[in-house]
Amino acid sequence: MAELPAFLSAQEVGSFAYLTIKDRTPQILTKAIDTLHRHKSEFFEKHGEEGVEAEKKAISLLSKLRNELQTDKPIIPLVDKHIDTDIWNQYLEYQRSLLSEGDGEPRWFFSPWLFVECYMYRRIHEAVIQSPPIHDFDVFKESKDKNFFESQESINALCTHLQQLKPARDLSESQLKDEFFKLLQISLWGNKCDLSLSGGESSSQKTSVIDSLEGLKPFILINDTESLWTLLSKCKKTAKPPVVRVDIVLDNSGFELVTDLVFADFLLSSELATEIHFHGKTIPWFVSDVTVRDFNWTVEHVKSSDQEATSACGAAWENYVKMGGWIYHDHIFWTLPHPYCAMAQVAPDLYAELQKACLVLFKGDLNYRKLVSDRKWEFTVPFHQALSGFHPAPLCSIRTLKAELQVGLQPGQAEQLSASDPHWLTTGKYGVFQFDGPL
Ligand SMILES: O=P(O)(O)OC[C@@]1(O)O[C@H](CO)[C@@H](O)[C@@H]1O
Ligand SMILES: [Mn+2]
């Protein structure tokens, strides 16, 4: 079997992985510490002196983590008693087993970037759950909610657009197809709003993304949306019983989540799908990723909007959840460090769940990194090959590029992009719809 390419890591000074570990992750930890500090009086009001002590403990644990990271200390086992603690510590031992004599310990600027970055967010969770009674505090909640509120105008424009489409089932085939592509592109560009890339700085959607789609088309490097249309149209004709299930592996809360819910609403109201399964995170993750609290909070806040169309969307979404048209899942696998080619072994129940889908959509860059194992593939390697055997169902990555990896490009395409825009891989300016699977 051909030698697999190396993993992205912070070993390469100046690489995006290096700059993330050196600059962005300490910034994220400092913002988390600052958030805890700013909630001190709230903790006191709620929990008295115990709350203040808990805040101090969480801050000291995060400060210790930041120091370990900044001084490239060895990665240490988790000590909390969480459902996934043993899996994490086994994975740390696995990373240690991969090291050669003289490599030293698994550590921040040496081990695979995917591992150490996921580990950092899991250590943030450990710091909080070890500090009762503030053990269920989400240090990123404030910035996720802020992203939502700052994107309000774009959210209202999007909800108005969706409401004007209804009843979607009365649209002609070509109108339906146009809207399908339009809402997919909106979901793609919603992925630019990502707080971990911005280091927690605001990255809300301030302009109406609907009006900018034409101008953004040149920035779509791979566009397999025709395959998605063909696949869903086929599923609709052949599914026995007539169930067309689409799974959406979510990424960021805030504006991006609203673009995903709008697309999911369109899939149901146009009868292109009969049920949508969402997959969120069980713990706060990569600053802006969706937890069940974010999902419910977002539906609630859209429903309580003072804009009629927005409020109507929220009411419809609440009803989809109530009636079972939308189902929310959150498996612990999504917040483990494993690439997705390990899912069948590590989380066979989740793999079996995804196998029930006609189509699985993976939103965002971190999902892309896990789909291709965060390895330094040649840019022209086929997506199917980079998935390394991960084929639970026909799948599509919907991702804006924020890491130094991309596969499935045409010969010369990467070289052309590097010449015209040296940072094309990491600014989120470019995106892909990359499909794998039989039609
Ligand atoms: O999955 P998302 O939200 O699109 O992006 C997550 C992300 O911004 O976090 C890391 C930077 O710290 C990058 O790997 C990745 O781009
Ligand atoms: Mn994310």
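These figures come from a predicted structure and were not determined experimentally.
What you find for Ile124 and Phe140 is that their closest heavy atoms are CD1-CZ, 3.9 Å. Shown here for Lys57 and Gln130, the closest heavy-atom pair between the two residues is NZ-O, 2.8 Å. Minimum heavy-atom separation, Phe435 to Ser227: CD2-CB, 3.8 Å. The two residues Ala357 and Ala393 make their nearest non-hydrogen contact at O-CB, 3.6 Å.
The existence of a salt bridge linking Lys376 and Glu12 is confirmed by a sub-4.0 Å separation between a basic side-chain nitrogen and an acidic carboxylate oxygen. Ionic pairing of Glu68 and Lys64 is present here: one or more N-O contacts between side-chain nitrogen and carboxylate oxygen are shorter than 4.0 angstrom.
Counting only heavy atoms from C-beta outward, the side chains of Leu183 and His161 approach each other to under 4.5 Å. At least one side-chain heavy atom of Arg369 sits less than 4.5 Å from a side-chain heavy atom of Leu405. Between Gln185 and Ile220 there is a side-chain heavy-atom pair separated by less than 4.5 Å. A 4.5 Å side-chain heavy-atom check between Asp294 and Lys141 finds at least one atom pair inside the cut-off. You'll find the side chain of Cys313 stays beyond 4.5 Å of the side chain of Val262, heavy atoms only. Counting heavy atoms from C-beta on, the side chains of Asn252 and Asn191 come closer than 4.5 Å.
For Asn147 (side chain) and Phe255 (main-chain N/O), a donor-acceptor pair under 3.5 Å exists by modelled atom type. A side-chain donor-acceptor contact under 3.5 Å links Ser15 to the backbone of Tyr18. Side-chain atoms of Gln406 never come within 3.5 Å of backbone atoms of Phe379 as a donor-acceptor pair (strictly under, hydrogens ignored). For Thr282 (side chain) and His331 (main-chain N/O), no donor-acceptor pair under 3.5 Å exists by modelled atom type.
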- Query: Between Arg245 and Glu353, is a salt bridge (charged side-chain N to carboxylate O under 4.0 Å, His left out) present by the stated rule, with each step listed?
  - Reply: CA-CA 11 Å; Arg245 169 174 166 168; Glu353 189 60 37; 2.8 Å; yes
- Task: Evaluate salt bridge (charged side-chain N to carboxylate O under 4.0 Å, His left out) for Lys166 paired with Asp265, printing each intermediate quantity in order.
- Result: CA-CA 10 Å; Lys166 293 186 176 182; Asp265 183 330; 3.0 Å; yes
- Message: Run Lys177 and Glu173 through salt bridge (charged side-chain N to carboxylate O under 4.0 Å, His left out) and show every step you take.
- Response: CA-CA 6 Å; Lys177 195 174 176 182; Glu173 174 95 353; over 6 Å; no
- Message: Show, in sequence, the C-alpha distance, side-chain angles and deciding distance for Glu271 and Lys236, and conclude whether the side-chain contact (heavy atoms from CB on, under 4.5 Å) test is met.
- Response: CA-CA 8 Å; Glu271 297 175 350; Lys236 191 173 172 182; 4.2 Å; yes
- Message: Before you tell me yes or no, could you show the steps for Glu318 and Lys322 under salt bridge (charged side-chain N to carboxylate O under 4.0 Å, His left out), namely the whole-Å CA-CA distance, both residues' side-chain angles and the distance that decides it to 0.1 Å?
- Response: CA-CA 6 Å; Glu318 185 179 69; Lys322 249 185 215 146; 3.8 Å; yes
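The aromatic rings of Tyr121 and Trp285 lie tilted to each other, with the angle between the two planes from 30° to 60°. Aromatic ring pairs are classed by plane angle as parallel below 30°, tilted from 30° to 60° and perpendicular above 60°; the pair Phe295 and Trp326 is perpendicular.
Within a 6.0 Å sphere centred on CZ of Phe149, heavy atoms belonging to other residues, nucleotides or ligands number more than 12.
Remark: Ser131 OG to Leu36 CG distance equals 8.0 Å, nearest 0.5 Å. For the atom pair Ile276 CD1 and Phe263 CZ, the distance stands at 7.5 Å (nearest 0.5 Å).
By the salt bridge (Lys or Arg N to Asp or Glu O under 4.0 Å) test, Lys363 pairs with Glu256, Asp260, sequence neighbours left out. For Asp72, the salt bridge (Lys or Arg N to Asp or Glu O under 4.0 Å) criterion is met by Arg107, not counting sequence neighbours.
Considering Phe433, Tyr340, Phe383, Tyr368 as possible partners of Phe362, the one that fulfils the ring pair (Phe, Tyr, Trp, His ring centres under 6.0 Å) test is Tyr340.
A side-chain N or O of Ser418 and one of Trp424 form a donor-acceptor pair less than 3.5 Å apart. For the residue pair Asp80 / Thr85, a side-chain donor-acceptor distance below 3.5 Å is found, with atom types taken as modelled.
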